[in-house]
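Every chain is numbered from 1 and lettered A, B, ... according to where its sequence line falls, protein lines coming before strand lines.
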Protein chains: 2
Amino acid sequence: MRAYDVIAKKRDGKALNEDEIRFLIHGYSRGDIPDYQISAWLMAAFLNGLNEDETLYLTQAMLSSGRTLELGSVGKPKVDKHSTGGVGDKISLILAPAAAACGVAVPMTSGRGLGFTGGTLDKLESIPGFRVNLREEEIIANLERVGFAMTGQTEDIAPADKKLYALRDVTATVESIPLITSSIMSKKLAEGVDGIVLDVKFGSGAFMKSKERALHLAEAMSSVAARMGKKAVCVLTSMEQPLGRHIGNSLEVAESIDCLHGRGEADILELTRVLGGRMLDIAGLARDPDEGEELISEAIRSGEAYERFRASVEAQGGDPAVVDDPSLLPTAARSLDVPSPRGGFVAGIDAEALGTAALFLGAGRFTKEDSIDRSSGMTVRKKIGDFVDEGEPLVTLHYNNERNLSQALDLAARAYVLSRSKPPPFRLVHEMIQQG
Amino acid sequence: MRAYDVIAKKRDGKALNEDEIRFLIHGYSRGDIPDYQISAWLMAAFLNGLNEDETLYLTQAMLSSGRTLELGSVGKPKVDKHSTGGVGDKISLILAPAAAACGVAVPMTSGRGLGFTGGTLDKLESIPGFRVNLREEEIIANLERVGFAMTGQTEDIAPADKKLYALRDVTATVESIPLITSSIMSKKLAEGVDGIVLDVKFGSGAFMKSKERALHLAEAMSSVAARMGKKAVCVLTSMEQPLGRHIGNSLEVAESIDCLHGRGEADILELTRVLGGRMLDIAGLARDPDEGEELISEAIRSGEAYERFRASVEAQGGDPAVVDDPSLLPTAARSLDVPSPRGGFVAGIDAEALGTAALFLGAGRFTKEDSIDRSSGMTVRKKIGDFVDEGEPLVTLHYNNERNLSQALDLAARAYVLSRSKPPPFRLVHEMIQQG
């Protein structure tokens, strides 16, 4: 087989078979096929698409390019949650301990911040001492003792995906639904879980701006999961405004701890319940999703979720005093209110603009080499449906360095759409997609 | 400007501007932009196309990536001919001296054999001593003394095209009309000519199998030439059978010398007249193409074209005795007739199969590293419209090495389509395309 012929076949819009896709992906992973051939193939796949079969083969090829976690010894149902990423999305920090408190083993591997969205690993590293790179035996020990582990992916999990993702990132081939599907699913299925709940986000604060494309992604991921014999539910949720009230690493950890104390924002608690309810249903630990939601709420109310979070921080080398007293988390030296230019109801928020403003304040990275300012970010004072007076703060920026403050201010000030009449209520959860 | 954004723009089907294309091509040529980004862009350009403007910008960017021949000192009209390549196409060897005899300066840069088609440089090297790599001052001296030069391209002519072509060759992005157009035109316009006649070939013995695609290519090349202020005529010609009676390097040189003595096959002489007539018309050396054709015929009839060829061989270090007596050219040790399996009229010939058979006999290269057997090839005994008896030879194979003889035999035997009724006469010249 020759890479040339596989590229030409995809270029001509034909469907590739399993052998052809495995040949390409394993060859690339081993270094036998050069970057320049794979990037031509990626662009052909981007433009001509990959069908359901090809997406499955690609997922399997990336999965089998490395090893998978061996969780057979963990005597609990193993279910994970994955979010496609959104501004202010700190659900993992609340959901993982809540689900663990209900008896699920959650081997949650997470990533770094990407563009205008934050990353769970970056957030957790706001906690002094917290180690995000666990070895396999540490993951298993945490799953058994604490019920969940929050870790980065080891190098030997789906290495082909890592290499392919880096190439897509520089060849304008990231935004392809089959390529996104196989990238997410190969990594998640490598965790050795029985099932997965996928939070597929759309809107201004998500990577997929349209609900329609998010729905396609959800369907593609559900199909791959079903064909690989895994239970999967996709929940389509709106990111037309930030989740919760805080954007930025230590700010979001503090907000998550508040939520674990039952003092969270309504949207965070709603999404935690919905996703958690599905996790318990899939795990067989609830009769149905509704009972699952009740159990999740009870795990938070009882303080058990909080205790699990605290135990996990301790198990992963973090300082539990910070969990007990979040005011010990790093805080920014300065803050600045962004006033509303006039009065009115908040009818829309450009969440990407707010995420990018936080990025300008240092909460994320413009390039892979940038370091993160863990205490910077913002507090979202007004959300959709709120009334704001002229001059009243829309958001408060938290920062240590004034260098990019004006850009952040500009972005934040222009992110709000105000209207005279009260808009319809914001709808967070839109669809559930489940196959098989 | 970032290569990423230019790739994304073409991926999204938008037209690139001149700066974007120059940025990409010069950046690649200098080594600032890596292969893997250019190959993604090439696939996007292949699938989404390049419009007339973009094709022009690409041609100009490749042209300006290197230097151009300075022929201002040559006091004659400078016109070249380029063929897109075909099986048995040795027209350059007859046309260049004939046009030179009529007063045109022909700075003909040629290439090596490609796939199933031969290359002018490979053919000329059958003549002992012939040097195909002339320096610029030698080209100019030959144009002044002999009227034409037959040479390979120097390294500093359109280096971006060389690099890009090599990448297209391994990423399945060769067969794109705008990419082919800019590749041909950047090299040809670098010769510093006033005008060019393009022999755009279609059919089984050409790279473009369909007349429609060849017409698109002709239109794209004419448009680029016109917009760069050059006179250009495209002549669409059929390669549904080999040109002339011989395929293979020294065999084609001998056939060309025969043609220069006025003893050529009708199709070779027709095409030489038609292309040459246009060259003289463009050069302003004939009132119209018809008069140009007459002048070309007269240059051959008078022996002046032959004398120019002989002088050129001598000027480029070749042995003129071989021109005087072509039997001194290398000849193959063995030959084998391929008999017709039954009687009938020749209704069709798979010229690519015959070209590939010659390749198997050693007349061309399967890989860039292969050496060429200059004396091997074949004689085409029957052409379209001829009657053949059962057992009568269709072609005669000439070879020195039996290694791939059976493959060549197979291909040649299956290349002929026979029919009971006489087919319509073969039509060589189909269209003329001229802009501006």
Side-chain angles (χ1 to χ4, degrees), chain A residues 1-14 16 20 23-24 27-29 31-50 114-115 160 162-180 207 209-210 213 366-368, chain B residues 1-14 16 20 23-25 27-29 31-50 115 160 162-180 207 209-210 213 366-368:
Chain A
M1 206 181 291
R2 296 191 313 162
Y4 182 95
D5 299 317
V6 183
I7 300 167
K9 194 172 173 184
K10 185 36 67 189
R11 175 198 74 193
D12 296 340
K14 295 184 190 128
L16 303 179
E20 289 163 338
F23 167 79
L24 216 60
Y28 182 50
S29 188
D32 296 344
I33 299 177
D35 280 340
Y36 55 79
Q37 287 192 311
I38 297 299
S39 64
W41 178 80
L42 282 169
M43 185 57 81
F46 187 104
L47 291 172
N48 288 335
L50 298 176
L114 189 63
K162 288 185 187 69
K163 208 170 162 182
L164 209 61
Y165 190 87
L167 189 59
R168 286 166 58 205
D169 199 33
V170 291
T171 55
T173 50
V174 166
E175 301 303 318
S176 149
I177 286 173
L179 295 178
I180 295 170
F207 291 105
K209 301 302 175 194
S210 86
R213 270 178 68 77
F366 283 102
T367 73
K368 287 192 179 72
Chain B
M1 205 180 291
R2 297 190 314 159
Y4 181 96
D5 299 315
V6 183
I7 300 167
K9 194 170 173 186
K10 184 38 65 189
R11 176 199 73 193
D12 295 341
K14 294 183 191 130
L16 303 179
E20 289 163 337
F23 168 80
L24 216 61
I25 297 304
Y28 182 51
S29 188
D32 296 345
I33 300 177
D35 280 340
Y36 54 79
Q37 287 191 310
I38 298 298
S39 65
W41 178 79
L42 282 170
M43 185 58 81
F46 186 104
L47 291 173
N48 288 335
L50 298 175
K162 288 186 188 67
K163 209 170 160 182
L164 208 61
Y165 190 88
L167 189 59
R168 286 165 59 204
D169 200 34
V170 292
T171 56
T173 51
V174 166
E175 302 302 320
S176 149
I177 285 173
L179 296 178
I180 294 171
F207 292 105
K209 302 303 177 193
S210 85
R213 270 179 68 77
F366 282 102
T367 73
K368 286 191 179 71

Asker: For B/Ile38, is it the side chain, the backbone, both, or neither that has a heavy atom closer than 4.5 Å to a heavy atom of chain A?
Answerer: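 No part of B/Ile38 comes within 4.5 Å of chain A.
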
Asker: According to ring-ring contact (aromatic ring centres under 6.0 Å, His included), who are the partners of B/Phe23, at least two apart in sequence or on a separate chain?
Answerer: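 Expected list: none.
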
Asker: For B/Leu42, is it the side chain, the backbone, both or neither that has a heavy atom under 4.5 Å from a heavy atom of chain A?
Answerer: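 B/Leu42 has no heavy atom closer than 4.5 Å to chain A.
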
Asker: If I compare all heavy atoms of B/Leu47 with all of A/Ala44, which pair ends up nearest, and what's the gap?
Answerer: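 Nearest pair, atom of B/Leu47 first, then A/Ala44: CD1-CA, 3.9 Å.
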
Asker: Can you pull out the donor-acceptor contacts between chain A and chain B, under 3.5 Å, including backbone atoms?
Answerer:
| unit_1 | atom_1 | unit_2 | atom_2 | d |
| --- | --- | --- | --- | --- |
| A/Arg11 | NH1 | B/Ala172 | O | 2.7 |
| A/Tyr36 | O | B/Ser39 | OG | 2.6 |
| A/Gln37 | NE2 | B/Val170 | O | 2.7 |
| A/Ser39 | OG | B/Tyr36 | O | 2.6 |
| A/Ser39 | OG | B/Ser39 | OG | 2.5 |
| A/Val170 | O | B/Gln37 | NE2 | 2.7 |
| A/Ala172 | O | B/Arg11 | NH1 | 2.7 |

Asker: Determine the option with the most heavy-atom pairs under 4.5 angstrom with chain B, choosing from A/Ala40, A/Gly13, A/Ala3.
Answerer: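 Counting heavy-atom pairs under 4.5 Å, the top option is A/Ala40.
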
